[in-house]
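Here's the structure, in C-alpha coordinates; my notes come after.
Start at 1 and go down the list; that is how both ligands and their atoms are numbered.
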Amino acid sequence: MTVHRSPVQSFLESLHARFASVRDGEVAAYIPELAKTDPDLFGICLATADGYLYEAGDSRHLFTVQSISKPFVYGLALDDNGVKHMLTKTGVEPSGDAFNAISLHRVTGRPFNPMINAGAIATTGQVRADSLQHRVARILEMFGRYTGHPMRVDPAVYDSENRTGHRNRAIGHLLRNFDILDAEPTAIVDAYFQQCAIAVHCADLALMGATLANQGVNPVTGVRAIEDTHVENVLSVMASCGMYDFSGGWIYNVGMPAKSGVSGGVLAVLPGQFGIGVFSPRVDEHGNSVRALKVCEEVSRAWELHQFNPPYCPTSSRRLSYSCAERSSSRIRHPGELACVRDHGSRVRVFEIQGNLAFATTESIVRDVIAGSGEQRSVILDFHHVTTVNGAAARLLADLAAELERRGTATFFTHTPRLPSLRPQVAAQWTDAAAVERLFRFPSTDLAMEWCEDDLLETLPRPVPSRLDDLRTFEIAAGLTSEEIEVLAQLLDRQRYSPGEFIIRRDDEATNLFLVMSGVVGVWLGEPGTGSRVASFSVGTMVGELAFLDGARRSAHVVAECDVECSLFDVDDFLRLQESHPRIHATILRNLAVSLATKLRKVNRDVSILSTQRG
Ligand code: GLU
(Lines give C-alpha, C1' and ligand atoms only; values in the text may rest on other atoms or scores of the structure.)
Protein backbone atom coordinates (compact mmCIF):
# COMPACT_ATOMS: atom_id res chain seq x y z
CA MET A 1 0.00 0.00 0.00
CA THR A 2 1.33 3.45 -0.87
CA VAL A 3 1.18 5.89 2.00
CA HIS A 4 0.73 9.41 0.70
CA ARG A 5 2.75 11.81 2.77
CA SER A 6 1.51 15.30 3.39
CA PRO A 7 3.92 17.89 1.96
CA VAL A 8 3.57 19.77 5.26
CA GLN A 9 4.79 16.71 7.18
CA SER A 10 7.60 16.13 4.68
CA PHE A 11 8.72 19.74 4.94
CA LEU A 12 8.92 19.63 8.76
CA GLU A 13 10.88 16.37 8.54
CA SER A 14 13.26 17.89 6.02
CA LEU A 15 13.89 20.85 8.36
CA HIS A 16 14.49 18.42 11.21
CA ALA A 17 17.02 16.47 9.14
CA ARG A 18 18.67 19.66 7.89
CA PHE A 19 19.17 21.33 11.29
CA ALA A 20 19.90 18.22 13.38
CA SER A 21 23.58 18.68 12.53
CA VAL A 22 23.68 22.23 13.95
CA ARG A 23 25.53 22.09 17.26
CA ASP A 24 25.96 25.80 18.01
CA GLY A 25 24.94 27.17 21.40
CA GLU A 26 25.10 25.77 24.92
CA VAL A 27 22.64 24.00 27.16
CA ALA A 28 21.62 26.41 29.95
CA ALA A 29 23.35 25.41 33.14
CA TYR A 30 22.49 28.12 35.66
CA ILE A 31 19.66 25.87 36.83
CA PRO A 32 21.89 22.84 37.62
CA GLU A 33 19.28 20.25 36.69
CA LEU A 34 18.88 21.69 33.15
CA ALA A 35 22.58 21.03 32.45
CA LYS A 36 21.85 17.30 32.50
CA THR A 37 19.62 17.54 29.39
CA ASP A 38 20.77 15.59 26.32
CA PRO A 39 21.89 18.46 24.02
CA ASP A 40 20.99 16.58 20.82
CA LEU A 41 17.27 16.26 21.51
CA PHE A 42 15.29 17.89 18.73
CA GLY A 43 11.52 17.92 18.24
CA ILE A 44 9.08 19.87 16.08
CA CYS A 45 5.29 19.96 16.16
CA LEU A 46 2.87 22.15 14.24
CA ALA A 47 -0.79 22.19 15.34
CA THR A 48 -3.36 23.80 13.06
CA ALA A 49 -6.10 26.03 14.42
CA ASP A 50 -8.54 23.20 13.69
CA GLY A 51 -6.49 20.78 15.78
CA TYR A 52 -4.40 18.70 13.35
CA LEU A 53 -0.87 17.87 14.53
CA TYR A 54 2.23 17.41 12.34
CA GLU A 55 5.21 16.07 14.28
CA ALA A 56 8.88 15.39 13.60
CA GLY A 57 11.74 14.09 15.78
CA ASP A 58 11.52 14.12 19.60
CA SER A 59 8.16 15.88 19.57
CA ARG A 60 6.95 13.93 22.65
CA HIS A 61 10.06 14.33 24.77
CA LEU A 62 9.21 16.12 28.03
CA PHE A 63 11.15 19.18 29.09
CA THR A 64 10.34 22.07 31.43
CA VAL A 65 8.38 24.94 29.98
CA GLN A 66 10.42 27.67 31.76
CA SER A 67 9.73 31.15 30.36
CA ILE A 68 7.17 29.89 27.87
CA SER A 69 4.88 29.70 30.91
CA LYS A 70 4.97 33.50 31.22
CA PRO A 71 2.47 34.58 28.52
CA PHE A 72 0.02 31.86 29.61
CA VAL A 73 0.13 32.84 33.28
CA TYR A 74 -0.24 36.46 32.12
CA GLY A 75 -3.42 35.35 30.29
CA LEU A 76 -4.73 33.73 33.49
CA ALA A 77 -3.98 36.88 35.50
CA LEU A 78 -5.79 38.95 32.83
CA ASP A 79 -8.81 36.66 33.08
CA ASP A 80 -8.69 37.03 36.88
CA ASN A 81 -8.17 40.79 37.07
CA GLY A 82 -8.79 42.47 33.70
CA VAL A 83 -6.42 44.51 31.55
CA LYS A 84 -6.66 47.76 33.48
CA HIS A 85 -5.59 46.24 36.75
CA MET A 86 -2.78 44.20 35.18
CA LEU A 87 -1.30 47.34 33.61
CA THR A 88 -0.82 48.72 37.11
CA LYS A 89 1.31 45.68 37.93
CA THR A 90 3.48 45.40 34.83
CA GLY A 91 4.01 47.46 31.68
CA VAL A 92 4.07 46.12 28.13
CA GLU A 93 7.28 47.74 26.85
CA PRO A 94 10.32 45.78 25.68
CA SER A 95 13.03 46.37 28.26
CA GLY A 96 16.27 45.84 26.33
CA ASP A 97 17.57 44.19 29.52
CA ALA A 98 18.38 40.54 30.12
CA PHE A 99 15.41 38.37 31.13
CA ASN A 100 16.65 38.10 34.71
CA ALA A 101 17.71 41.73 35.07
CA ILE A 102 16.85 43.40 38.33
CA SER A 103 15.27 46.29 36.48
CA LEU A 104 12.11 48.04 37.51
CA HIS A 105 10.76 51.41 36.50
CA ARG A 106 12.60 54.02 38.57
CA VAL A 107 9.50 55.78 39.88
CA THR A 108 6.69 53.23 39.87
CA GLY A 109 8.74 50.11 40.55
CA ARG A 110 6.69 48.46 37.84
CA PRO A 111 8.44 45.82 35.71
CA PHE A 112 8.71 46.72 32.04
CA ASN A 113 6.75 43.75 30.72
CA PRO A 114 5.41 40.36 31.83
CA MET A 115 7.98 38.40 29.79
CA ILE A 116 11.01 39.36 31.87
CA ASN A 117 11.32 37.62 35.21
CA ALA A 118 10.32 40.67 37.25
CA GLY A 119 7.09 41.09 35.25
CA ALA A 120 6.44 37.36 35.29
CA ILE A 121 6.81 37.11 39.08
CA ALA A 122 4.54 40.16 39.47
CA THR A 123 2.06 38.38 37.18
CA THR A 124 2.18 35.08 39.08
CA GLY A 125 1.40 37.14 42.20
CA GLN A 126 -1.81 38.35 40.55
CA VAL A 127 -3.23 34.87 39.95
CA ARG A 128 -6.14 34.64 42.37
CA ALA A 129 -5.26 32.12 45.06
CA ASP A 130 -5.38 31.76 48.82
CA SER A 131 -2.29 29.58 49.22
CA LEU A 132 0.83 28.47 47.36
CA GLN A 133 -0.78 25.11 46.55
CA HIS A 134 -3.92 26.80 45.30
CA ARG A 135 -1.91 29.13 43.06
CA VAL A 136 0.08 26.26 41.54
CA ALA A 137 -3.06 24.14 41.16
CA ARG A 138 -4.81 26.94 39.28
CA ILE A 139 -1.79 27.42 37.00
CA LEU A 140 -1.59 23.69 36.29
CA GLU A 141 -5.32 23.57 35.62
CA MET A 142 -5.00 26.50 33.18
CA PHE A 143 -2.20 24.72 31.30
CA GLY A 144 -4.35 21.59 31.16
CA ARG A 145 -7.04 23.54 29.33
CA TYR A 146 -4.51 24.46 26.64
CA THR A 147 -2.97 20.99 26.31
CA GLY A 148 -6.08 18.89 26.87
CA HIS A 149 -4.55 16.71 29.59
CA PRO A 150 -3.51 17.03 33.26
CA MET A 151 -0.14 18.74 33.77
CA ARG A 152 2.52 18.19 36.41
CA VAL A 153 5.62 19.90 37.76
CA ASP A 154 9.01 18.23 37.19
CA PRO A 155 10.16 17.90 40.83
CA ALA A 156 13.90 17.69 40.06
CA VAL A 157 14.01 20.89 37.98
CA TYR A 158 11.76 22.72 40.44
CA ASP A 159 13.90 21.65 43.34
CA SER A 160 17.07 22.63 41.50
CA GLU A 161 15.81 26.14 40.75
CA ASN A 162 14.30 26.53 44.20
CA ARG A 163 17.69 25.85 45.74
CA THR A 164 19.60 28.20 43.45
CA GLY A 165 17.12 30.92 42.39
CA HIS A 166 18.32 33.66 44.77
CA ARG A 167 18.27 36.27 42.07
CA ASN A 168 14.55 35.67 41.40
CA ARG A 169 13.92 35.81 45.15
CA ALA A 170 15.70 39.16 45.22
CA ILE A 171 13.42 40.36 42.43
CA GLY A 172 10.44 39.15 44.45
CA HIS A 173 11.51 41.23 47.46
CA LEU A 174 12.11 44.26 45.31
CA LEU A 175 8.59 43.90 43.88
CA ARG A 176 7.24 43.65 47.43
CA ASN A 177 9.14 46.80 48.33
CA PHE A 178 7.32 48.72 45.59
CA ASP A 179 3.98 47.12 46.52
CA ILE A 180 3.80 45.50 43.10
CA LEU A 181 3.51 42.27 45.05
CA ASP A 182 0.99 42.73 47.80
CA ALA A 183 1.77 39.49 49.62
CA GLU A 184 4.78 37.71 51.06
CA PRO A 185 7.13 37.21 48.05
CA THR A 186 8.69 33.84 48.96
CA ALA A 187 5.53 31.82 48.26
CA ILE A 188 4.91 33.70 45.00
CA VAL A 189 8.45 33.13 43.75
CA ASP A 190 8.04 29.48 44.75
CA ALA A 191 4.87 29.29 42.62
CA TYR A 192 6.82 30.95 39.79
CA PHE A 193 9.56 28.29 40.04
CA GLN A 194 6.89 25.59 39.88
CA GLN A 195 5.19 27.15 36.86
CA CYS A 196 8.59 27.22 35.08
CA ALA A 197 9.14 23.54 35.92
CA ILE A 198 5.88 22.30 34.34
CA ALA A 199 6.72 19.42 31.99
CA VAL A 200 5.63 19.83 28.38
CA HIS A 201 6.55 18.41 24.99
CA CYS A 202 6.46 20.01 21.53
CA ALA A 203 2.94 18.73 20.84
CA ASP A 204 1.76 20.46 24.03
CA LEU A 205 3.43 23.71 22.99
CA ALA A 206 2.00 23.50 19.49
CA LEU A 207 -1.51 22.92 20.79
CA MET A 208 -1.14 25.76 23.29
CA GLY A 209 -0.21 27.95 20.32
CA ALA A 210 -3.07 26.59 18.22
CA THR A 211 -5.44 27.44 21.09
CA LEU A 212 -4.26 31.06 20.99
CA ALA A 213 -4.53 30.94 17.18
CA ASN A 214 -8.11 29.72 17.61
CA GLN A 215 -9.22 32.69 19.73
CA GLY A 216 -8.56 30.90 23.00
CA VAL A 217 -10.45 27.66 22.41
CA ASN A 218 -8.50 24.39 22.37
CA PRO A 219 -9.39 23.09 18.88
CA VAL A 220 -9.12 19.43 19.92
CA THR A 221 -11.20 19.49 23.11
CA GLY A 222 -13.35 22.55 22.37
CA VAL A 223 -12.51 23.85 25.88
CA ARG A 224 -11.92 27.58 26.30
CA ALA A 225 -8.50 28.19 27.86
CA ILE A 226 -8.58 32.00 28.02
CA GLU A 227 -11.19 34.68 27.43
CA ASP A 228 -11.16 35.60 23.75
CA THR A 229 -10.73 39.29 24.52
CA HIS A 230 -7.39 38.57 26.26
CA VAL A 231 -5.84 36.56 23.44
CA GLU A 232 -4.68 39.72 21.69
CA ASN A 233 -3.05 41.01 24.90
CA VAL A 234 -1.09 37.79 25.33
CA LEU A 235 -0.01 37.66 21.68
CA SER A 236 0.98 41.33 21.75
CA VAL A 237 3.45 40.90 24.60
CA MET A 238 4.79 37.78 22.90
CA ALA A 239 5.29 39.76 19.68
CA SER A 240 7.10 42.67 21.34
CA CYS A 241 8.93 40.96 24.22
CA GLY A 242 8.74 37.19 23.76
CA MET A 243 12.23 36.35 22.48
CA TYR A 244 14.43 37.99 25.12
CA ASP A 245 16.73 40.63 23.78
CA PHE A 246 16.28 39.30 20.26
CA SER A 247 12.56 40.18 20.15
CA GLY A 248 13.04 42.95 17.55
CA GLY A 249 15.17 40.77 15.28
CA TRP A 250 12.70 37.92 15.63
CA ILE A 251 9.61 39.91 14.68
CA TYR A 252 11.60 41.47 11.82
CA ASN A 253 12.66 38.09 10.42
CA VAL A 254 9.97 35.63 11.43
CA GLY A 255 7.01 37.94 11.97
CA MET A 256 5.02 35.83 14.42
CA PRO A 257 4.30 36.27 18.13
CA ALA A 258 6.49 33.78 20.00
CA LYS A 259 8.00 32.89 23.35
CA SER A 260 11.11 30.95 24.15
CA GLY A 261 12.49 29.41 27.32
CA VAL A 262 16.01 28.64 28.54
CA SER A 263 15.37 24.89 28.47
CA GLY A 264 15.35 25.14 24.65
CA GLY A 265 11.68 25.45 23.76
CA VAL A 266 10.14 27.96 21.36
CA LEU A 267 6.43 28.42 20.80
CA ALA A 268 5.27 30.57 17.88
CA VAL A 269 1.70 31.44 16.92
CA LEU A 270 0.27 32.39 13.58
CA PRO A 271 -3.04 33.95 14.66
CA GLY A 272 -6.01 32.27 13.06
CA GLN A 273 -3.84 29.56 11.53
CA PHE A 274 -1.54 27.49 13.76
CA GLY A 275 0.83 27.09 16.67
CA ILE A 276 4.29 25.59 16.39
CA GLY A 277 6.40 24.12 19.19
CA VAL A 278 10.12 23.40 18.71
CA PHE A 279 12.53 21.95 21.27
CA SER A 280 16.31 21.77 21.07
CA PRO A 281 18.28 22.49 24.28
CA ARG A 282 21.31 24.40 22.93
CA VAL A 283 20.58 28.12 23.34
CA ASP A 284 22.39 31.18 21.97
CA GLU A 285 23.70 34.21 23.85
CA HIS A 286 20.15 35.62 24.11
CA GLY A 287 18.77 32.41 25.59
CA ASN A 288 16.94 31.27 22.43
CA SER A 289 17.24 27.74 21.08
CA VAL A 290 19.54 27.87 18.06
CA ARG A 291 17.82 25.15 16.05
CA ALA A 292 14.33 26.30 17.00
CA LEU A 293 15.16 29.74 15.67
CA LYS A 294 16.29 28.25 12.37
CA VAL A 295 13.20 26.05 12.06
CA CYS A 296 10.85 28.97 12.68
CA GLU A 297 12.72 31.22 10.26
CA GLU A 298 12.49 28.59 7.54
CA VAL A 299 8.82 27.86 8.18
CA SER A 300 8.01 31.56 8.01
CA ARG A 301 10.09 32.12 4.87
CA ALA A 302 8.97 29.00 2.97
CA TRP A 303 5.28 29.45 3.67
CA GLU A 304 5.33 33.29 3.55
CA LEU A 305 3.88 33.71 7.01
CA HIS A 306 5.19 37.08 8.15
CA GLN A 307 2.27 38.69 9.92
CA PHE A 308 2.92 42.09 8.42
CA ASN A 309 2.68 40.71 4.92
CA PRO A 310 -0.55 38.74 5.10
CA PRO A 311 -1.78 37.15 1.89
CA TYR A 312 -4.36 39.10 -0.05
CA CYS A 313 -7.51 36.97 -0.03
CA PRO A 314 -9.36 37.87 -3.20
CA THR A 315 -12.30 35.59 -2.36
CA SER A 316 -15.22 37.94 -2.24
CA SER A 317 -17.59 37.75 0.67
CA ARG A 318 -20.32 38.27 -1.94
CA ARG A 319 -21.52 34.84 -2.96
CA LEU A 320 -24.35 35.82 -5.28
CA SER A 321 -26.21 38.96 -6.15
CA TYR A 322 -29.39 39.07 -8.16
CA SER A 323 -32.53 41.11 -8.54
CA CYS A 324 -36.09 39.83 -8.60
CA ALA A 325 -36.08 40.57 -12.34
CA GLU A 326 -33.43 37.87 -12.78
CA ARG A 327 -34.59 35.48 -10.11
CA SER A 328 -37.99 35.93 -8.52
CA SER A 329 -39.21 34.38 -5.29
CA SER A 330 -40.79 30.93 -5.26
CA ARG A 331 -44.25 32.55 -5.30
CA ILE A 332 -46.22 31.24 -8.29
CA ARG A 333 -47.98 34.25 -9.72
CA HIS A 334 -50.47 34.91 -12.45
CA PRO A 335 -48.54 35.38 -15.73
CA GLY A 336 -49.51 39.09 -15.82
CA GLU A 337 -48.09 39.65 -12.31
CA LEU A 338 -45.01 37.63 -13.11
CA ALA A 339 -44.34 39.81 -16.15
CA CYS A 340 -44.60 42.88 -13.91
CA VAL A 341 -42.11 41.38 -11.45
CA ARG A 342 -39.76 40.70 -14.35
CA ASP A 343 -40.12 44.24 -15.75
CA HIS A 344 -39.69 46.09 -12.46
CA GLY A 345 -37.94 43.52 -10.25
CA SER A 346 -34.52 45.14 -10.68
CA ARG A 347 -35.59 47.43 -7.84
CA VAL A 348 -35.41 44.50 -5.39
CA ARG A 349 -31.89 43.15 -4.92
CA VAL A 350 -30.59 40.20 -2.96
CA PHE A 351 -26.97 39.89 -1.78
CA GLU A 352 -25.98 36.44 -0.58
CA ILE A 353 -22.87 36.87 1.56
CA GLN A 354 -20.43 34.27 2.81
CA GLY A 355 -17.48 33.50 5.05
CA ASN A 356 -16.11 35.39 8.01
CA LEU A 357 -17.28 38.97 8.15
CA ALA A 358 -14.70 41.38 9.52
CA PHE A 359 -13.84 44.91 8.42
CA ALA A 360 -12.40 44.17 4.95
CA THR A 361 -14.86 41.47 3.93
CA THR A 362 -17.81 43.59 5.06
CA GLU A 363 -16.52 46.81 3.54
CA SER A 364 -16.66 45.27 0.05
CA ILE A 365 -20.28 44.22 0.56
CA VAL A 366 -21.24 47.60 1.98
CA ARG A 367 -19.64 49.27 -1.05
CA ASP A 368 -21.59 47.07 -3.48
CA VAL A 369 -24.89 47.66 -1.73
CA ILE A 370 -24.42 51.42 -1.45
CA ALA A 371 -23.38 51.70 -5.11
CA GLY A 372 -26.67 50.25 -6.36
CA SER A 373 -28.98 51.45 -3.65
CA GLY A 374 -30.15 54.58 -5.49
CA GLU A 375 -32.48 52.56 -7.70
CA GLN A 376 -33.42 50.03 -5.08
CA ARG A 377 -36.79 49.90 -3.36
CA SER A 378 -35.63 47.01 -1.23
CA VAL A 379 -32.41 45.19 -0.37
CA ILE A 380 -32.10 41.75 1.19
CA LEU A 381 -28.84 40.62 2.79
CA ASP A 382 -28.81 36.83 3.10
CA PHE A 383 -26.48 35.51 5.87
CA HIS A 384 -27.05 31.81 5.22
CA HIS A 385 -23.42 31.18 4.23
CA VAL A 386 -21.81 33.52 6.74
CA THR A 387 -19.70 31.74 9.34
CA THR A 388 -18.86 34.55 11.75
CA VAL A 389 -19.56 38.27 12.15
CA ASN A 390 -17.19 40.23 14.36
CA GLY A 391 -18.08 43.44 16.19
CA ALA A 392 -16.68 45.73 13.50
CA ALA A 393 -18.64 43.94 10.76
CA ALA A 394 -21.86 44.06 12.79
CA ARG A 395 -21.44 47.80 13.32
CA LEU A 396 -20.81 48.42 9.60
CA LEU A 397 -23.87 46.36 8.69
CA ALA A 398 -26.01 48.17 11.26
CA ASP A 399 -24.87 51.52 9.86
CA LEU A 400 -25.53 50.32 6.31
CA ALA A 401 -29.08 49.25 7.17
CA ALA A 402 -29.70 52.59 8.92
CA GLU A 403 -28.44 54.48 5.86
CA LEU A 404 -30.67 52.43 3.53
CA GLU A 405 -33.67 53.02 5.77
CA ARG A 406 -32.95 56.75 5.65
CA ARG A 407 -32.98 56.55 1.86
CA GLY A 408 -36.35 54.79 2.02
CA THR A 409 -35.00 51.40 0.94
CA ALA A 410 -36.68 48.55 2.82
CA THR A 411 -33.85 46.41 4.17
CA PHE A 412 -33.93 42.86 5.48
CA PHE A 413 -31.30 40.61 7.08
CA THR A 414 -32.28 36.97 6.51
CA HIS A 415 -31.05 33.55 7.63
CA THR A 416 -29.40 34.97 10.75
CA PRO A 417 -30.15 32.45 13.54
CA ARG A 418 -26.67 30.90 13.43
CA LEU A 419 -25.23 34.37 14.13
CA PRO A 420 -26.83 35.09 17.50
CA SER A 421 -24.66 38.13 18.20
CA LEU A 422 -25.73 40.02 15.05
CA ARG A 423 -29.15 41.14 16.21
CA PRO A 424 -28.08 42.40 19.67
CA GLN A 425 -25.14 44.19 18.06
CA VAL A 426 -27.43 45.92 15.57
CA ALA A 427 -29.91 46.68 18.35
CA ALA A 428 -27.09 48.26 20.36
CA GLN A 429 -26.50 50.72 17.49
CA TRP A 430 -30.15 51.61 16.92
CA THR A 431 -32.54 53.25 19.29
CA ASP A 432 -35.59 52.28 17.24
CA ALA A 433 -36.61 48.78 18.37
CA ALA A 434 -39.37 48.60 15.74
CA ALA A 435 -36.79 49.19 12.99
CA VAL A 436 -34.66 46.31 14.33
CA GLU A 437 -37.79 44.16 14.37
CA ARG A 438 -38.45 45.08 10.71
CA LEU A 439 -34.86 44.37 9.69
CA PHE A 440 -34.96 40.81 11.06
CA ARG A 441 -38.64 40.24 10.22
CA PHE A 442 -38.18 37.48 7.64
CA PRO A 443 -36.35 34.29 8.56
CA SER A 444 -35.77 33.33 4.93
CA THR A 445 -34.77 35.23 1.82
CA ASP A 446 -37.65 33.72 -0.08
CA LEU A 447 -40.21 35.16 2.34
CA ALA A 448 -38.48 38.53 2.19
CA MET A 449 -38.45 38.42 -1.62
CA GLU A 450 -42.17 37.61 -1.72
CA TRP A 451 -42.89 40.56 0.51
CA CYS A 452 -40.68 42.85 -1.58
CA GLU A 453 -42.35 41.70 -4.81
CA ASP A 454 -45.83 42.28 -3.35
CA ASP A 455 -44.70 45.66 -2.09
CA LEU A 456 -43.36 46.52 -5.54
CA LEU A 457 -46.59 45.41 -7.25
CA GLU A 458 -48.54 47.73 -4.91
CA THR A 459 -46.80 50.67 -6.56
CA LEU A 460 -47.76 49.57 -10.09
CA PRO A 461 -51.07 49.47 -11.95
CA ARG A 462 -52.52 46.07 -10.89
CA PRO A 463 -52.29 43.52 -13.71
CA VAL A 464 -54.77 41.24 -11.87
CA PRO A 465 -57.35 42.27 -9.27
CA SER A 466 -56.92 40.93 -5.76
CA ARG A 467 -60.12 38.92 -6.18
CA LEU A 468 -60.66 37.18 -9.46
CA ASP A 469 -64.13 35.96 -10.46
CA ASP A 470 -63.71 36.07 -14.17
CA LEU A 471 -62.51 32.68 -15.39
CA ARG A 472 -61.18 34.23 -18.60
CA THR A 473 -58.24 35.71 -16.77
CA PHE A 474 -57.02 32.30 -15.46
CA GLU A 475 -54.21 30.54 -17.25
CA ILE A 476 -56.33 27.37 -17.42
CA ALA A 477 -58.86 29.15 -19.67
CA ALA A 478 -56.44 30.62 -22.21
CA GLY A 479 -57.63 29.90 -25.76
CA LEU A 480 -61.17 28.87 -24.73
CA THR A 481 -64.17 30.59 -26.35
CA SER A 482 -66.81 32.26 -24.17
CA GLU A 483 -69.12 29.27 -24.66
CA GLU A 484 -66.36 26.87 -23.70
CA ILE A 485 -65.56 28.91 -20.60
CA GLU A 486 -69.24 28.70 -19.70
CA VAL A 487 -69.02 24.90 -19.93
CA LEU A 488 -65.95 24.89 -17.71
CA ALA A 489 -67.57 27.27 -15.20
CA GLN A 490 -70.49 24.87 -14.77
CA LEU A 491 -68.07 22.16 -13.67
CA LEU A 492 -66.36 24.18 -10.91
CA ASP A 493 -67.23 24.21 -7.20
CA ARG A 494 -66.46 27.21 -4.98
CA GLN A 495 -64.79 26.58 -1.65
CA ARG A 496 -63.63 28.95 1.12
CA TYR A 497 -60.74 28.30 3.48
CA SER A 498 -59.78 30.16 6.61
CA PRO A 499 -56.16 31.01 7.49
CA GLY A 500 -54.16 27.88 8.41
CA GLU A 501 -56.73 25.48 6.94
CA PHE A 502 -55.47 22.55 4.85
CA ILE A 503 -56.48 22.66 1.19
CA ILE A 504 -54.49 19.58 0.22
CA ARG A 505 -52.90 17.00 2.52
CA ARG A 506 -49.80 15.09 1.55
CA ASP A 507 -50.49 11.49 0.42
CA ASP A 508 -54.15 12.24 -0.32
CA GLU A 509 -55.58 10.99 -3.57
CA ALA A 510 -55.62 13.74 -6.20
CA THR A 511 -59.26 14.41 -6.96
CA ASN A 512 -59.23 18.11 -7.82
CA LEU A 513 -57.36 20.95 -9.41
CA PHE A 514 -57.58 24.22 -7.42
CA LEU A 515 -57.94 27.63 -9.04
CA VAL A 516 -57.00 30.38 -6.59
CA MET A 517 -59.74 33.07 -6.78
CA SER A 518 -58.44 35.13 -3.83
CA GLY A 519 -55.71 34.99 -1.18
CA VAL A 520 -52.41 33.11 -1.02
CA VAL A 521 -51.76 29.40 -0.37
CA GLY A 522 -48.47 27.91 0.85
CA VAL A 523 -46.94 24.57 -0.17
CA TRP A 524 -45.15 22.73 2.63
CA LEU A 525 -42.81 19.78 2.67
CA GLY A 526 -43.11 18.49 6.22
CA GLU A 527 -45.55 19.98 8.70
CA PRO A 528 -46.82 23.50 8.03
CA GLY A 529 -44.97 25.98 10.23
CA THR A 530 -42.07 23.65 11.04
CA GLY A 531 -41.25 21.98 7.70
CA SER A 532 -40.05 23.88 4.70
CA ARG A 533 -42.31 26.15 2.70
CA VAL A 534 -41.25 25.46 -0.86
CA ALA A 535 -43.65 27.66 -2.79
CA SER A 536 -46.79 29.72 -2.59
CA PHE A 537 -49.54 30.51 -5.09
CA SER A 538 -51.52 33.68 -5.45
CA VAL A 539 -54.63 34.77 -7.26
CA GLY A 540 -55.16 33.56 -10.83
CA THR A 541 -52.94 30.47 -10.54
CA MET A 542 -53.73 26.78 -10.34
CA VAL A 543 -52.54 24.40 -7.66
CA GLY A 544 -52.20 20.64 -7.77
CA GLU A 545 -51.86 20.09 -11.50
CA LEU A 546 -49.05 17.54 -11.16
CA ALA A 547 -51.10 14.93 -9.35
CA PHE A 548 -54.10 15.96 -11.46
CA LEU A 549 -52.16 14.99 -14.58
CA ASP A 550 -50.39 11.80 -13.55
CA GLY A 551 -52.81 10.51 -10.90
CA ALA A 552 -50.08 10.21 -8.26
CA ARG A 553 -50.83 10.94 -4.59
CA ARG A 554 -50.23 14.47 -3.28
CA SER A 555 -46.57 15.10 -2.50
CA ALA A 556 -46.97 18.14 -0.23
CA HIS A 557 -49.38 19.93 2.09
CA VAL A 558 -51.14 23.01 0.76
CA VAL A 559 -52.42 25.46 3.38
CA ALA A 560 -54.41 28.71 3.22
CA GLU A 561 -52.24 31.64 4.41
CA CYS A 562 -55.18 34.05 4.73
CA ASP A 563 -58.85 33.93 3.78
CA VAL A 564 -58.72 31.99 0.56
CA GLU A 565 -61.32 31.16 -2.02
CA CYS A 566 -60.73 28.47 -4.63
CA SER A 567 -62.65 26.91 -7.50
CA LEU A 568 -62.29 23.15 -7.55
CA PHE A 569 -62.14 21.23 -10.80
CA ASP A 570 -62.83 17.50 -10.34
CA VAL A 571 -60.46 15.19 -12.17
CA ASP A 572 -63.37 12.95 -13.33
CA ASP A 573 -65.15 15.96 -14.85
CA PHE A 574 -61.93 16.79 -16.65
CA LEU A 575 -61.62 13.23 -18.00
CA ARG A 576 -65.27 13.21 -19.14
CA LEU A 577 -64.59 16.34 -21.20
CA GLN A 578 -62.44 14.21 -23.45
CA GLU A 579 -65.63 12.53 -24.75
CA SER A 580 -68.10 15.38 -24.47
CA HIS A 581 -65.92 18.40 -25.42
CA PRO A 582 -62.62 17.14 -26.86
CA ARG A 583 -61.49 20.65 -27.88
CA ILE A 584 -61.95 22.02 -24.35
CA HIS A 585 -60.09 18.99 -22.96
CA ALA A 586 -57.20 19.46 -25.40
CA THR A 587 -56.96 23.22 -24.74
CA ILE A 588 -56.91 22.75 -20.96
CA LEU A 589 -54.29 20.02 -21.34
CA ARG A 590 -52.19 22.41 -23.33
CA ASN A 591 -52.63 25.16 -20.72
CA LEU A 592 -51.53 22.77 -17.98
CA ALA A 593 -48.43 21.98 -20.03
CA VAL A 594 -47.70 25.71 -20.53
CA SER A 595 -48.04 26.31 -16.80
CA LEU A 596 -45.59 23.50 -16.04
CA ALA A 597 -43.20 24.74 -18.73
CA THR A 598 -43.23 28.23 -17.15
CA LYS A 599 -42.28 26.72 -13.79
CA LEU A 600 -39.54 24.63 -15.36
CA ARG A 601 -38.14 27.67 -17.12
CA LYS A 602 -37.96 29.54 -13.84
CA VAL A 603 -36.04 26.65 -12.26
CA ASN A 604 -33.62 26.62 -15.21
CA ARG A 605 -33.06 30.35 -14.91
CA ASP A 606 -32.46 30.09 -11.16
CA VAL A 607 -29.95 27.31 -11.69
CA SER A 608 -28.14 29.25 -14.38
CA ILE A 609 -27.78 32.30 -12.08
CA LEU A 610 -26.32 30.05 -9.41
CA SER A 611 -23.89 28.35 -11.78
CA THR A 612 -22.70 31.45 -13.64
CA GLN A 613 -22.08 33.55 -10.54
CA ARG A 614 -20.49 30.84 -8.42
CA GLY A 615 -16.97 29.53 -8.84
N1 GLU B 1 12.89 29.70 35.51
C2 GLU B 1 13.78 30.47 34.69
C3 GLU B 1 14.23 31.72 35.42
O4 GLU B 1 13.44 32.39 35.98
C5 GLU B 1 13.10 30.81 33.43
C6 GLU B 1 13.98 31.57 32.53
C7 GLU B 1 13.65 31.49 31.10
O8 GLU B 1 13.21 30.45 30.59
O9 GLU B 1 13.85 32.52 30.46
O10 GLU B 1 15.38 32.03 35.46
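- With sequence neighbours left out, the ring pair (Phe, Tyr, Trp, His ring centres under 6.0 Å) criterion links His415 to His384.
- Evaluation of the ring-ring contact (aromatic ring centres under 6.0 Å, His included) test over residues 14-58, restricted to residues two or more places apart or in two chains, returns His16-Phe42, Tyr52-Tyr54.
- Annotation: ligand 1 has protein neighbours Tyr30, Gln66, Ser67, Phe99, Asn117, Glu161, Asn168, Tyr192, Cys196, Tyr244, Gly261, Val262, each with a heavy atom less than 4.0 angstrom from the ligand.
- Looking at Asp80 and Arg138, a side-chain N of the basic residue comes within less than 4.0 Å of a carboxylate O on the acidic one, giving a salt bridge.
- Remark: Arg423 pairs with Val436, Glu437, Phe440 by the side-chain contact (heavy atoms from CB on, under 4.5 Å) rule, at least two apart or across chains.
- A distance below 6.0 Å separates the ring centres of Phe279 and Phe63.
- Between Arg301 and Glu297 no salt bridge is recorded (no basic side-chain N to carboxylate O distance below 4.0 Å).
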